[in-house]
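Both ligands and their constituent atoms are indexed starting at 1 by order of listing. For this chain, numbers begin at 1 and follow the sequence in order.
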Amino acid sequence: MEHFDTIIKNGNVVLPTGVRKLDIGVTNGKFSAVEKDLQNKADRVIHADNHYIFPGAIDIHVHFNEPGHEDWEGFHTGSAMLGAGGCTTYFDMPLNGIPSTVTVDALKQKAEIAENKSLIDFGLWGGLVPGNLEEIHHLAQKGVIGFKAFLSPSGNEAFEHVDDAILLKGMKRIAETGKILALHSESTAIIKFLEGEITGDDAASFAATRPIEAEAEAVQRALSFAKITNCPLHFVHISSAQSVQIITKAKQQGMDVTLETCPHYLLCTMSDLETKGAAAKCAPPLRDERENRRLIESLLEDKIDMITSDHSPCPPELKDPANFSLRKAWGGINGGQFTLLSMIELAIKHDIPFERIAKWTASNPAKRFHLADKGEIRVGMDADLAIISLDQAHTVTAENLFSRHKQSLYMDHTFPCRIIGTINRGTPIYQADKDTKNTGKGKWLRG
Ligand SMILES: [Zn+2]
């Protein structure tokens, strides 16, 4: 009888077709059996009675800021933090490190660091910025997972946004490589105009400078450009049902386009920005309750392809009201650890079957970015999984927040579930009840 490295006994396994009580065998980092009552012997047996086994989450949108800003996060703390949240694969964005990932040299530099430090598997985005059109093909050959561009200022002068002319040229080149262009879509013209018109520094004034119209206009324009250039698109952190609707229409017309939203747009509203200040500041901003409900409806209607964290932390000084007004404070949410927990909270609240959560957090991102070995608990695929208890709650504290800085929109929040353990390619990289040193060794998934 075949001997397994690991058997996970008697868990509620989240399969694409539903949740079933099964045993899971793991051999050489792959799922080798997913069936009832495995009798085989194994080096390690994990008893998962009453727990839920999700496919390891794939978070295609994080900012780890290394090299150059590892004091903001870094690959080691960042990947350990994601692992503690049930995530086994992530894609690091091309900005907020130094240098930005807009040349092959910068890509190689980042890949070397990440290969040494990341505890879980990862992909790397390249950037499309003014001045790097000549690098697009080289970056694609060297394995970027796709390209990212901003249609409005990124808040980081070292990663400039593209104007319409560069966007069109960049799309043409990216289409030639067969890769996907991920877009931060807000209209520069609308934001700049409103920043001149609106003077207040409260939460409502900040939100009013970045209205839904600014997002919808940029989304519509990008789709028009993609029609002309045949460039595959992915819209990051979509915050409004109006934008979802525009993208849904484009999909119905046969365009190659997907979108993500983030847990903070689903679980939080502008009132969190009012009460928590800059810890809840992001762009696009958190929306009001009505819009929040409409976005959840869009998700329930299956119009949103995937959920990402857009984990974008900074040192707390950059969000300290003693140093910066709300308008000037760093925009970005420290939330990478809580994507799966947030989505399970949402599932419980709205009666969403867990297989849909697994689709948004694992199988859809795997399919979109051609990770053939990932995204599902299935024999032959990478043994990436998260073991979750619904019998235990998880309250976020400075002690159990694993990102480098202990400031988060989710601080003191209680999730109705808890990550018990996370396994990446067969290796346990997080165990809630053990203070073990992480031993995982992440692999670069070249695109
Ligand atoms: Zn981002």
Side-chain angles (χ1 to χ4, degrees), residues 57-66 68-69 72-75 78-79 81-82 85 87 89-98 100-102 110 122-129 144-162 180-186 188 191 210 214-215 218-219 222 233-240 243 258-266 268 278-286 304-314 318-319 329-339 342 365 368-369 403-405 408-410:
I58 299 174
D59 187 345
I60 68 145
H61 188 163
V62 304
H63 300 261
F64 285 169
N65 315 315
E66 196 174 358
H69 273 315
W72 290 32
E73 186 63 271
F75 283 100
S79 63
M81 175 272 306
L82 289 179
C87 174
T89 302
Y90 64 91
F91 298 168
D92 184 60
M93 281 293 171
L95 72 158
N96 303 330
I98 305 169
S100 304
T101 319
V102 295
K110 183 184 269 190
F122 62 93
L124 300 173
W125 290 95
L128 167 67
V129 293
V144 295
I145 205 84
F147 293 88
K148 165 83 178 285
F150 277 71
L151 303 188
S152 57
S154 70
N156 171 353
E157 283 170 15
F159 196 95
E160 280 182 67
H161 73 281
V162 293
I180 294 166
L181 174 61
L183 287 174
H184 176 126
S185 293
E186 288 183 289
T188 303
I191 293 169
R210 309 186 87 108
E215 182 178 75
V219 164
L233 293 186
H234 175 73
F235 288 99
V236 296
H237 51 53
I238 287 295
S239 66
S240 68
S243 299
T258 47
L259 77 136
E260 68 184 38
T261 191
C262 311
H264 41 273
Y265 298 111
L266 297 167
C268 307
K281 182 185 173 184
C282 53
L286 298 176
I304 294 174
D305 299 284
M306 62 192 86
I307 306 293
T308 70
S309 68
D310 191 8
H311 177 75
S312 184
C314 66
L318 297 182
K319 283 184 179 283
W330 177 259
I333 303 288
N334 177 349
Q337 197 176 325
F338 308 115
T339 302
S342 297
R368 180 58 167 155
F369 294 95
S403 52
R404 184 174 293 278
H405 297 292
S408 171
L409 164 64
Y410 296 99

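- Partners of Phe64 by ring-ring contact (aromatic ring centres under 6.0 Å, His included), not counting sequence neighbours, listed by chain and number: Phe75, Tyr90.
- A salt bridge does not link Asp305 with Arg368: none of the charged nitrogens is closer than 4.0 Å to a carboxylate oxygen.
- Not a single salt bridge (charged side-chain N to carboxylate O under 4.0 Å, His left out) links Asp59 to another residue, sequence neighbours left out.
- Residues passing the salt bridge (charged side-chain N to carboxylate O under 4.0 Å, His left out) test with Glu260: none are found, sequence neighbours excluded.
- Near-neighbour remark for the Zn ion (ligand 1): protein N, O or S atoms under 2.8 Å are His61 NE2, His63 NE2, Asp310 OD1; waters not counted.
- Residue Ala278 comes nearest to Lys319 through the heavy atom pair O-NZ, 2.6 Å, listed as atom of the first residue, atom of the second, then distance.
- Side chains of Thr101 and Met93 form no contact here, defined as non-hydrogen atoms less than 4.5 Å apart.
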